[in-house]
2 protein chains.
Amino acid sequence: MYRIGELAKTCGINTDTLRFYEKHGLLAPSKRTVSGYRVYSADDAARLQFILRAKAVGFSLSEIADLLSIELDKANWACSDVKTMVDDKLLQVKQRIAELERFRRSLQILSDTCCGGPASAEHCSILQALESCDVSRSERLLDKETHTHHHAPVQGDCKC
Amino acid sequence: MYRIGELAKTCGINTDTLRFYEKHGLLAPSKRTVSGYRVYSADDAARLQFILRAKAVGFSLSEIADLLSIELDKANWACSDVKTMVDDKLLQVKQRIAELERFRRSLQILSDTCCGGPASAEHCSILQALESCDVSRSERLLDKETHTHHHAPVQGDCKC
DNA sequence: CTTGACCTTGGATTAAACTCCAAGGTTTAT
DNA sequence: ATAAACCTTGGAGTTTAATCCAAGGTCAAG
Ligand SMILES: [Zn+2]
Ligand SMILES: [Zn+2]
Ligand SMILES: [Zn+2]
Ligand SMILES: [Zn+2]
């Protein structure tokens, strides 16, 4: 049996977070003291662990609510239902990674084309790329071995 | 010279988005008609393109505001200032990718251990992993060649 | 019997980037 | 002249996952 502060501390979260989870139907203490204090049982703590583990693999709170409703009524759900949720999430995560990888590639190209020196940004290749073309301009700049500097490189590894 | 609807349409965004950008200091039309309609010049349109390109490589609107203030006053900024912003963003993006990769690996393991069949979720390895252990339990399940099914696999590729 | 640590509630706020709405004014086409 | 399409403003709502606050109640120690 834990009071809210104890449970929060042992799980490394905030008491407000526990109240927030309760308000959103994820975890309610199974008892209250006469004076109204929340009292969490070992089962409640286990449920919190379930929530925290699901969060740790990337599920949102509303997805966790769905997982919990399955967990509480396993007999009426199939493996396929659970696996579908995991696979849907996996797809979501993969898509987000793909988007971020596109960002990463573009940013890397922008970074690689700029000398990063102390000279004026008036001819900075990054700004130029954002002004007037897509990143493919920078890609061409990088690909060509015959490229010239957009301004005198101040650091040795300027690739513009 | 474009009215708000025209500019929005040509750039594939919403008129509300343009008003939002204006309210947040990113892009104001250089003129208004006597009746108060926004009128965007070619320069305004170019500025919008700058914004959209910066968005496309992952910058947030407040970061774009910073980039725009450099863009408008290039002479007083150095290449290094611009490159630093790109490199900071790059680091951010890489860190987020790393987090999502951790999610992806965990979810993949969870998915791989579950048969995904129509049988009851009462012994589903995914729920078990979330109940009582971290993903390493599933990892052990997967690694061990001597593992047994948590229930009779219904689909051929059940790995539990 | 008072101090300090803990607990209660409801509601406000945060960040990001829009999106939608109401109530009304303007332009354009028929 | 009137309908359709467009524009204006201010403000509210959305999503996610909390975090913070105020005003007050409870409990254990000294
Ligand atoms: Zn350079
Ligand atoms: Zn540069
Ligand atoms: Zn199975
Ligand atoms: Zn399963």
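The shown structure was predicted, so the numbers you read here are calculated from the model rather than taken from an experiment. Reckoned from all heavy atoms, side chains included, excluding hydrogens, waters and symmetry mates. The chains referred to below are lettered A, B, ... by the order of the sequence lines, with proteins before strands, and numbering in each begins at 1.
Residue A/I4 contributes atom CD1, which lies 14 Å from atom P of D/dA18 at whole-angstrom precision. Atom CZ of A/R96 and atom C1' of D/dT16 are 14 Å apart (whole Å). Summarising the geometry, the separation between CG on B/L27 and P on C/dA17 is reported as 16 Å, rounded to the nearest angstrom. Atom CG of A/L52 and atom P of D/dA18 are 9 Å apart (whole Å). A straight line from CD of A/E6 to P of D/dC27 spans 14 Å, rounded to a whole angstrom.
Other residues, nucleotides and ligands place more than 12 heavy atoms under 6.0 Å from the CZ atom of A/F103.
Across the interface with DNA chain D, nearest-nucleotide mapping of A/T17 and A/Y37 shows A/T17 to be the residue nearer the 5′ end.
Within 4.0 Å of B/T33, counting heavy atoms only, lies no atom of the nucleic acid at all. Contacts of A/K55 with the nucleic acid, taken as non-hydrogen atoms under 4.0 Å apart, involve only primed sugar atoms and P, OP1 or OP2.
Applying the 4.0 Å criterion to OP1 and OP2 of C/dC6, one finds that A/R3 has every side-chain N and O outside that range. For B/R32 and D/dT9, the shortest distance from a side-chain N or O to OP1 or OP2 is below 4.0 Å.
The closest donor-acceptor contact from the side chain of A/T17 to the backbone of A/I13 lies at 3.5 Å or more, if one exists at all. A donor-acceptor pair under 3.5 Å links the side-chain atoms of B/S106 to the main chain of B/R102, judged by distance alone.
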